[in-house]
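On a predicted model such as this, the values are computed, not experimentally measured, just so you know. Throughout, a chain's letter reflects where its sequence line sits, starting with A, and its residues are numbered from 1.
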Protein chains: 2
Amino acid sequence: MAWDVERTKRLLLDAATAEFSEHGLAGARIDRIAANAGVNKERIYQYFGKKDELFATVLGTQLRSTMDAVPMIGAGPAAAGDYAGRLFDHHIAEATIPRLVFWEGLERGESAAADAARAEYHRVKVEGFQKLLPGVDRRDAAELLLTIVTLVNAWPVLGHLDALLVGADDAAADRRAARRASIVQTVELLAEAALRRSPGGDRSGADRRDPPGVQG
Amino acid sequence: MAWDVERTKRLLLDAATAEFSEHGLAGARIDRIAANAGVNKERIYQYFGKKDELFATVLGTQLRSTMDAVPMIGAGPAAAGDYAGRLFDHHIAEATIPRLVFWEGLERGESAAADAARAEYHRVKVEGFQKLLPGVDRRDAAELLLTIVTLVNAWPVLGHLDALLVGADDAAADRRAARRASIVQTVELLAEAALRRSPGGDRSGADRRDPPGVQG
DNA sequence: AAGATTTCCAACTGAACGGTTGTAATCGAA
DNA sequence: TTCGATTACAACCGTTCAGTTGGAAATCTT
């Protein structure tokens, strides 16, 4: 059989993504990644380097694919809420990212903040989000975006807290829908408040979705 | 020298708390806990059982002490915001809890939700929070409480995201203050909205802090 | 088709790891 | 002061881990 390097790389990256998402950096097992990929583990070291380099590759890949999959559309508080809602949906269908993000925060805190590529990625994201709420201060936009990212990513990770707080008697789908609605409402309220704070944004606040879309 | 069982237990529990908070369940090292406590590791197994039993003990202890340290006081949206703010302060001074909470969510997701003692702990917490916002539906209260817990706990864990989004040029203390203000504002807005939704809560919404305090 | 290069893997290494055991020191009660 | 029970620890055990090596098979180059 012919060698297919890209295929083995992809197999390894997929297996690594699942493994890191499930077990984190310390808990992930190189042997398990290799076995699930059906590839010898020595390939990992040749293609991706050490364990934590592989982790960084996995996370970077996932973040990029999310930004493509969930674009920011339109403008105004409703658009911001809509963006948060779609991000929520995306992270429910694929809990990989939320878990990876929190694993990173817990296991690699400092070193992640120093990554130049990551800084650029987030700069672009804040910039895009600012276009969603025209006139809003950069710091305000970043703060709101952080709230969104936090709320949207935390839920799949803290699912047990939800069950514990709301009560396990409610069906999972209902709790999920309630959570989604709550997050969208939160973001809309915050976006309105931010617009009201912005220069020239002291009119009633809602329904300002006329400007052209940003992406998609 | 005389034996002092309580002292060695406390030393072990303190060391374990620090170790689990720092490295999580899989990353924590029993040898390191024993060494930092200045106690032989065999004692751990005698007093606390296996690694994950020790983890559960650590988390339970920490949660109980937080509930005592940060009581819910007064009533109304401002009181809810104040509670969130004090919780934030507490978690900043002592990032142990936030980290442990997310470690648990990531590493023990399912098994944590089944814990009866934890369910009771959270039931009491929701009940207390409901007294903070009289008239608000239990589900609404739980939802808002989850938002608070999420926002307040996530920040110490996702500190690197904050630095990445807001920009590392801002001083850490400034970013922390901005985040605190943002969270307090969020909670107040949400509490007002919840009260407005509640039966008989359709008056203007703010400044309803007359009822007597709940704890403290 | 010969030689150099790359892809791949089985087997290995050395250093942890979680957990146990055998034994000595100390304590409480008779 | 004896004796069983408890506390403590050093040394150990079997397993598992991340990372390496040596060489075979496939591909590329000339």
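Contact check, Thr8(B) against dT7(D): no side-chain N or O comes under 4.0 Å of OP1 or OP2.
Side-chain contact between Trp155(A) and Thr150(B) is absent, with no heavy atoms from C-beta onward closer than 4.5 Å. Annotation: side chain of Leu161(A) is in contact with side chain of His122(B) (closest heavy-atom distance under 4.5 Å). Arg179(B) is listed as a side-chain neighbour of Glu143(A), based on a closest heavy-atom distance under 4.5 Å. In this structure, Arg180(B) and Ile92(B) have side chains that are not in contact, with every pair of non-hydrogen atoms separated by 4.5 Å or more.
Proximity of residues 21-35 of chain B to DNA chain D (heavy atom under 4.0 angstrom from any strand atom) is not detected for any residue.
With sequence neighbours excluded, the residues that form a side chain to side chain contact (heavy atoms under 4.5 Å, CB included) with Arg43(B) are Leu12(B), Val39(B), Gln46(B), Tyr47(B).
For Lys50(A) against dG19(D), a side-chain-to-base donor-acceptor contact under 3.5 Å is absent.
Rounded to an integer number of Å, the gap from Glu42(B) CD to dT21(C) C1' is 9 Å. If you take CG of Leu54(A) and P of dG19(D), they are 10 Å apart, rounded to a whole angstrom. Straight-line distance from the CZ atom of Phe55(B) to the C1' atom of dG18(C): 17 Å, rounded to whole Å. Atom CZ in Arg43(A) sits about 17 Å away from atom C1' in dA18(D), given to the nearest Å. Lys51(A) places its NZ atom 11 Å from the C1' atom of dG19(D), with the value rounded to the nearest Å. Note: OH (Tyr45(B)) to P (dT7(D)) measures 19 Å, nearest angstrom. Atom NZ in Lys41(A) sits roughly 9 Å away from atom P in dC17(D) (whole-Å rounding). Between Gln46(A) atom CD and dA18(D) atom C1' there is a gap of 15 Å when expressed in whole angstrom units.
A tilted orientation is assigned to the rings of Phe129(B) and Tyr83(B), their planes being inclined by 30° to 60°.
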